[in-house]
Amino acid sequence: MNTLTQRRALVLFAHGARAASWAAPFERLRDINRARLPDVDVELAFLELMEPRLPGVVGALVARGVLDVTVVPVFLGQGGHLLRDLPLLADELRAAHPALRLEVAGAVGEDPAVLAAMSDYCLKALR
């Protein structure tokens, strides 16, 4: 497939929780990104406790012809899940889908712009 026409995907990767309401902010973030990226498939996947899981999301994307996937962990920091679990999942996905180009970004909470936005929020809360 020509790289100019190859479909791309952004997968927001969250931890998951027992309470369904916990996913609401991540669903809103997914929807915001979908609106901002109309030519990109934007999905949400969870590590545990919630569905869909990352392997299922990536498998469905590949089945739709998407072979360029970027995973963005919507975690505040690089804990054990991102240091151990996510690299293993990524390796398994690459092995299962050899044509897949899978990139994994760092934890969203470690980005300086995200930290600045969180600090702005904290300062606003003081007013």
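This chain uses plain numbering: 1 for the first residue, then up along the sequence.
Closest approach of Pro73 and Gly106 over heavy atoms only: CD-O, 3.5 Å. In plain terms, the two heavy atoms of Leu83 and Gln78 that are nearest each other are CD1-O, 3.4 Å. Closest approach of His81 to Pro87, counting heavy atoms only: O-CD, 4.4 Å. For Gly16 against Leu49, the heavy-atom pair with the smallest separation is O-CD1, 3.9 Å. Nearest heavy-atom pair across Ala90 and Val104 is CB-CG2, 4.1 Å. Scanning both residues, Pro55 and Leu89, for their nearest heavy atoms gives CG-CD2, 3.9 Å.
Linking ILVMFWY residues whenever their side-chain heavy atoms come closer than 4.5 Å, directly or via other members, places Phe13 and Leu100 in the same cluster. If you chain together hydrophobic residues whose side chains sit under 4.5 Å apart, Val66 and Val40 never meet in one group. Tracing side-chain contacts under 4.5 Å through hydrophobic residues (I, L, V, M, F, W, Y), one never reaches Met50 starting from Val71; they form parts of separate clusters. Residues Val108 and Leu86 do not share a hydrophobic cluster, defined by chaining ILVMFWY side chains whose heavy atoms lie under 4.5 Å apart.
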Discussion item. Run Leu115 and Ser119 through side-chain contact (heavy atoms from CB on, under 4.5 Å) and show every step you take.
Written reply: CA-CA 6 Å; Leu115 291 173; Ser119 176; over 6 Å; no
Worksheet item: Run the side-chain contact (heavy atoms from CB on, under 4.5 Å) check on Leu37 and Arg8 step by step: do they pass?
Response: CA-CA 10 Å; Leu37 299 165; Arg8 298 175 58 204; over 6 Å; no
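In terms of modelled atom types and a separation under 3.5 Å, the side chain of Arg34 and the main chain of Val42 share a donor-acceptor contact.
Looking only at side-chain heavy atoms (C-beta outward), Val62 and Leu67 come within less than 4.5 Å of each other. Inter-residue side-chain proximity for Arg94 and Asp91 is flagged as met; some heavy-atom pair is nearer than 4.5 Å.
Leu54 pairs with exactly one of Asp85, Leu47, Leu93 by the side chain to side chain contact (heavy atoms under 4.5 Å, CB included) rule, that one being Leu93.
Rounded to the nearest 0.5 Å, atoms CG (Leu61) and NE2 (His97) are 9.5 Å apart. From Asp120, atom CG reaches atom NZ of Lys124 across 9.0 Å, with rounding to the nearest 0.5 Å. The CG atom of Leu102 lies 8.0 Å from the OG1 atom of Thr70; values are rounded to the nearest 0.5 Å. To the nearest 0.5 Å, the span separating CG on Leu76 from CG on Asp111 amounts to 12.0 Å. If you take CZ on Phe26 and CG on Leu44, they are separated by 8.0 Å, rounding to the nearest 0.5 Å.
Ring geometry for Phe46 versus Trp22: interplanar angle of 30 to 60°, hence tilted.
Applying the salt bridge (charged side-chain N to carboxylate O under 4.0 Å, His left out) test to Arg53 and every residue at least two apart in sequence or in another chain returns Glu51. By the salt bridge (charged side-chain N to carboxylate O under 4.0 Å, His left out) test, Arg64 pairs with Asp41, Glu43, sequence neighbours left out.
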